[in-house]
Student: 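The structure under discussion is supplied below as structure tokens; questions concerning it will follow.
In what follows, every chain begins at residue 1, and chains take the letters A, B, ... in the order their sequences are listed. Fair warning: this is a prediction, and the values are worked out from it, not measured in the lab.
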Amino acid sequence: MIKAVRGTRDLLPPETALWNFVEAKAREVFRAYNFQEIRTPVFEETQLFARSVGEETDIVSKEMYTWEDRGRAQSDKGQSLTLRPENTAGVVRAYIEHKLWERGLQKLYYIGPQFRRERPQKGRYRQFYQIGAEVIGPPSAGSESPARDAEVLEMLATFLDRLGITGWTLELNSVGCPNDRALFNEALRKALEPVVAKMCVDCQRRAVTNPLRVFDCKIPEDQPIIDKLPRISQFLNQPCRQHFDEVQAILKATGIPFTLNDRLVRGLDYYTRTAFEFTHGGLGAQNAILGGGRYDGLSESLGGPQAPGIGFAIGEDRLVMSLPQSANAVAPQPDVYIAPLGAGMNREAARLARELRGEDIVTELGDESFRLKKSLETASKMGARFALIVGENEVKAGSFALKNLASGEQTSAPRAELARMIRNSVIASRVQIAPENK
RNA sequence: GUGGGAGUAGCUCAACUGGCAGAGCACCGGACUGUGGCUCCGGACGUUGUGGGUUCGAUUCCCAUCUCCCACCCCA
């Protein structure tokens, strides 16, 4: 049997309804902040990711799906292509390619699959889905303002609240300018030198490869040592510090709760200044539902104009896992099930179905070969509100039997009346795909 | 990439020390020729993840492999 490949999965109904609910809510909330959708290709030139995400990151160094495309002629060498491991690079590439800076501040969101070749585990897949957004533009359009950071964070808080997700935490930090980080990195290396021998093996490795990651250590014995290490906050220059202070001030003004976490470091090279993560318990080791930050130098490093930006990516798979229990996927139910009864009745049933569907009534159609008992059984099993019986008697009389499957009540009505009768009692009480959260 | 756990019917799970692969739910049919839910009766259900090995005999023991789960690494 051929199965979905490792780390990929099928999303089946009724769970897909949950995904649609989440995506519809995202579009609705993002729209209120005047974001518009962008769709970029799922694969790009490998160079794009190498130059933006960072050559040395795990993503680029070992997790990308990369292949060499065929050239024009058989003998031609093709270019190296890669399935996107994240979407910010693609958006910034499009920003540069289409000269979007000519249109002022860009507020763009995307929804789509991303690909990383990692070992799968709960909340981590090789094809996973991200809902993300970017605010990017020339500095003259206000793209660098801390107001943009706060606006994005507030939008995320609103989005999670509107999904009914409770118990999230916003963790906030500033990783400063590249220059601040270089100084900090050096200080960190120096501070680690005398103590690293006493730390866990992972930390000893991190101290060499990526000292920042030492702060991620969860070993209790190492914590006293880590607590004494220098913090990035001590190395922020004046503009970076002011920027960060203002982000916090606006968040307080808008009533968005956050926790400062000066151990929060982001994995990708392009991040500057504001870095954040929304975490949620009950997700296991992968407790981050979303992460993001500012990337003021990204456009230039890709050969574009100066275009500061801030963005985030939500792990949709993880988001769906953190939905409240009340949002359990329920199979949507048809309004009416048409039961053709006896030879030749499929034709009349098809005409009726077409009429009802034309009135936006969700209609399921049985088959004339079914016995009535089976039709009714099928109808109630799928949760239909009504069964419409289409037999010879009805066709002769020009009046059809309409049975309310919940009450058992049965009436008879001419075809012209059917749509109205069904709609009246059905539309208001259609089962919601997921609960409205106040 | 590393370490650990688990794979038996569509689903949830049994099967003692190696001795005929089972139950509940779901599914299909009938009791009931045009009236569902309840009840009763019957039916179908399997390459025990896959491939090898040991054995008279393997779901059970051994090896390999695949997938999922947990953790690490890292990230969404």
Student: Choosing from B:rC74, B:rG36, B:rG34, which nucleotide comes nearest the side chain of A:E394?
Tutor: B:rG34
Student: Using a heavy-atom cut-off of 4.0 Å across all strands, would you classify A:G383 as base, sugar-phosphate, or nothing?
Tutor: nothing
Student: Not counting sequence neighbours, list each pair that qualifies as a ring-ring contact (aromatic ring centres under 6.0 Å, His included) and has a residue in residues 366-394 of chain A.
Tutor: none
Student: Quick one: list whatever passes ring pair (Phe, Tyr, Trp, His ring centres under 6.0 Å) with A:F276, sequence neighbours left out.
Tutor: none
Student: Between B:rG10 and B:rG1, how many Å separate the two C1' atoms, rounded to a whole number?
Tutor: 36 Å
Student: Just distance, no hydrogens or angles: give the donor-acceptor pairs under 3.5 Å from side chains in residues 337-351 of chain A, sequence neighbours left out.
Tutor:
from: A:N346; atom 1: OD1; to: A:E368; atom 2: N; distance (Å): 3.0
from: A:N346; atom 1: ND2; to: A:D367; atom 2: OD1; distance (Å): 3.4
from: A:E348; atom 1: OE1; to: A:R351; atom 2: NH1; distance (Å): 3.3
from: A:E348; atom 1: OE2; to: A:R415; atom 2: NH1; distance (Å): 2.6

Student: Can you check the A:L376 CG to B:rU33 P distance for me, whole Å?
Tutor: 14 Å
Student: Would you call A:E193 and A:K190 a salt bridge, using N to O less than 4.0 angstrom?
Tutor: no
Student: Only pairs under 3.5 Å count here: list side-chain donor-acceptor contacts from residues 310-324 of chain A, not counting sequence neighbours, and write none if there are none.
Tutor:
from: A:D317; atom 1: OD1; to: A:Y129; atom 2: N; distance (Å): 2.9
from: A:D317; atom 1: OD2; to: A:R9; atom 2: NH2; distance (Å): 2.6
from: A:R318; atom 1: NE; to: A:G123; atom 2: O; distance (Å): 2.7
from: A:R318; atom 1: NH1; to: A:A288; atom 2: O; distance (Å): 3.0
from: A:R318; atom 1: NH2; to: A:G123; atom 2: O; distance (Å): 3.2
from: A:S322; atom 1: OG; to: A:R318; atom 2: O; distance (Å): 2.6
from: A:S322; atom 1: OG; to: A:L319; atom 2: O; distance (Å): 3.3

Student: How close or far is atom P of B:rA76 from atom CD of A:E63, stated in whole angstroms?
Tutor: 10 Å
Student: Excluding sequence neighbours, so at least two apart, what forms ring pair (Phe, Tyr, Trp, His ring centres under 6.0 Å) with A:F244?
Tutor: none
Student: Looking across every strand, which nucleic acid part, if any, lies under 4.0 Å from A:G123 by heavy atom: base, sugar-phosphate, or nothing?
Tutor: base
Student: Which whole-number value in Å describes the distance from A:E368 CD to B:rG34 P?
Tutor: 14 Å
Student: Quiz question: going by heavy-atom distance under 3.5 Å, is there a donor-acceptor pair between the base of B:rC69 and the side chain of A:R124?
Tutor: no
Student: Looking at B:rC70, B:rC68, B:rA76, which one has an atom nearest to any side-chain atom of A:P120?
Tutor: B:rC68
Student: For A:Q121 and B:rA71, is the shortest distance between a side-chain N/O and OP1 or OP2 below 4.0 Å?
Tutor: yes
Student: Among B:rG36, B:rC75, B:rG34, which is the nearest nucleotide to the side chain of A:A401?
Tutor: B:rG34
Student: Distance check needed: B:rC74 C1' versus A:Y125 OH, whole Å only.
Tutor: 17 Å
Student: With sequence neighbours left out, which residue pairs that include part of residues 147-200 of chain A fulfil the ring-ring contact (aromatic ring centres under 6.0 Å, His included) condition?
Tutor: A:F30-A:F159, A:W168-A:F278, A:F184-A:F235
Student: With rounding to whole Å, what would you report as the distance between B:rA23 and B:rG52 at their P atoms?
Tutor: 30 Å
Student: With respect to the side chain of A:R119, which nucleotide from B:rU2, B:rG36, B:rC75 is positioned closest?
Tutor: B:rU2
Student: Would you measure the distance from the C1' atom in B:rG19 across to the matching atom in B:rU55 and give it in whole Å?
Tutor: 12 Å
Student: Compare side-chain N and O positions of A:R117 against OP1 and OP2 of B:rG1 and report whether any pair is under 4.0 Å apart.
Tutor: yes
Student: Quick check for you: among B:rG34, B:rA76, B:rC70, whose closest atom lies nearest to any side-chain atom of A:K122?
Tutor: B:rC70
Student: For the C1' atoms, the ones on B:rA26 and on B:rA64, what distance do you get once it is rounded to whole angstrom?
Tutor: 36 Å
Student: Is it true that a side-chain atom of A:R357 and a backbone atom of A:T363 form a donor plus acceptor pair closer than 3.5 Å?
Tutor: yes
Student: A:Q204 has an atom CD; how far is it from atom P of B:rC72, in whole Å?
Tutor: 19 Å
Student: With sugar-phosphate meaning primed atoms plus P, OP1 and OP2, does A:G342 contact a base, only sugar-phosphate, or nothing at under 4.0 Å between heavy atoms?
Tutor: nothing
Student: Determine, for A:E409 against A:K403, whether the closest basic-nitrogen to carboxylate-oxygen distance falls under 4.0 angstrom.
Tutor: no
Student: Does the distance from a Lys or Arg side-chain N to an Asp or Glu carboxylate O, for A:E151 and A:R148, drop under 4.0 Å?
Tutor: yes
Student: If you look at every strand shown and take non-hydrogen atoms under 4.0 Å, does A:Q410 touch a base, only sugar-phosphate, or nothing?
Tutor: base
Student: Kindly say if A:R6 contacts the phosphate of B:rC68, meaning a side-chain N or O under 4.0 Å from OP1 or OP2.
Tutor: yes
Student: I'd like a table of atom pairs between the protein and nucleotides 5-8 of chain B - only N or O on both sides, under 3.5 Å - with the distance next to each one.
Tutor:
none

Student: With sequence neighbours excluded, tell me which residues meet salt bridge (charged side-chain N to carboxylate O under 4.0 Å, His left out) with A:E118.
Tutor: A:R124
Student: Using the C1' atom on both, measure B:rC13 against B:rU59 and round to a whole Å.
Tutor: 14 Å
Student: Would you kindly give the CD-to-P distance between A:E118 and B:rA71, to the nearest whole Å?
Tutor: 14 Å
Student: Below 3.5 Å between N/O atoms, which protein atoms pair up with nucleotides 28-30 of chain B? Just atom names and distances, please.
Tutor:
from: B:rC28; atom 1: OP2; to: A:K381; atom 2: NZ; distance (Å): 3.3
from: B:rG29; atom 1: OP1; to: A:K374; atom 2: NZ; distance (Å): 3.2
from: B:rG30; atom 1: OP1; to: A:R371; atom 2: NH1; distance (Å): 2.7
from: B:rG30; atom 1: OP2; to: A:R371; atom 2: NH1; distance (Å): 3.1

Student: Taking only the P atom of each, what is the distance from B:rG49 to B:rC28 in whole angstrom?
Tutor: 28 Å
Student: Any base atoms under 4.0 Å from A:N393, or only sugar-phosphate, or nothing? Heavy atoms, all strands.
Tutor: base
Student: List in chain and number order the residues that pass salt bridge (charged side-chain N to carboxylate O under 4.0 Å, His left out) with A:R126, two or more places apart in sequence or in another chain; answer none if no residue qualifies.
Tutor: none
Student: Can you give the dot-bracket line for RNA chain B, where a pair is Watson-Crick or G-U wobble with both atom distances under 3.5 Å, crossing pairs use [ ], and | marks a partner on another strand?
Tutor: (((((((..((((.....[..)))).(((((.......))))).....(((((..]....))))))))))))....
Student: Could you tell me whether A:E417 and A:R420 have a side-chain N and a carboxylate O separated by less than 4.0 Å?
Tutor: yes
Student: Expressed as a whole number of Å, how far does the P atom of B:rG24 sit from that of B:rG42?
Tutor: 12 Å
Student: Which whole-number value in Å describes the distance from A:I314 CD1 to B:rC75 P?
Tutor: 19 Å
Student: Expressed as a whole number of angstroms, how long is the span from A:R9:CZ to B:rC69:C1'?
Tutor: 14 Å
Student: Heavy atoms only, 4.0 Å cut-off, all strands: where does A:E86 land among base, sugar-phosphate and nothing?
Tutor: nothing
Student: Among B:rC72, B:rG36, B:rC74, which is the nearest nucleotide to the side chain of A:K403?
Tutor: B:rG36
Student: Thinking salt bridges, do A:E37 and A:R39 make one under a 4.0 Å N-O criterion?
Tutor: yes
Student: Mind checking A:L319 for me? I need base, sugar-phosphate or nothing, with any heavy atom below 4.0 Å counting as a touch.
Tutor: nothing
Student: Using a 4.0 Å heavy-atom cut-off, does A:A379 contact any base of the nucleic acid, only the sugar-phosphate backbone, or nothing at all?
Tutor: nothing
Student: If the P atom of B:rU60 is compared with that of B:rG7, how far apart are they to the nearest Å?
Tutor: 11 Å
Student: Listed by chain and number, what are the salt bridge (charged side-chain N to carboxylate O under 4.0 Å, His left out) partners of A:D58, not counting sequence neighbours?
Tutor: A:K62
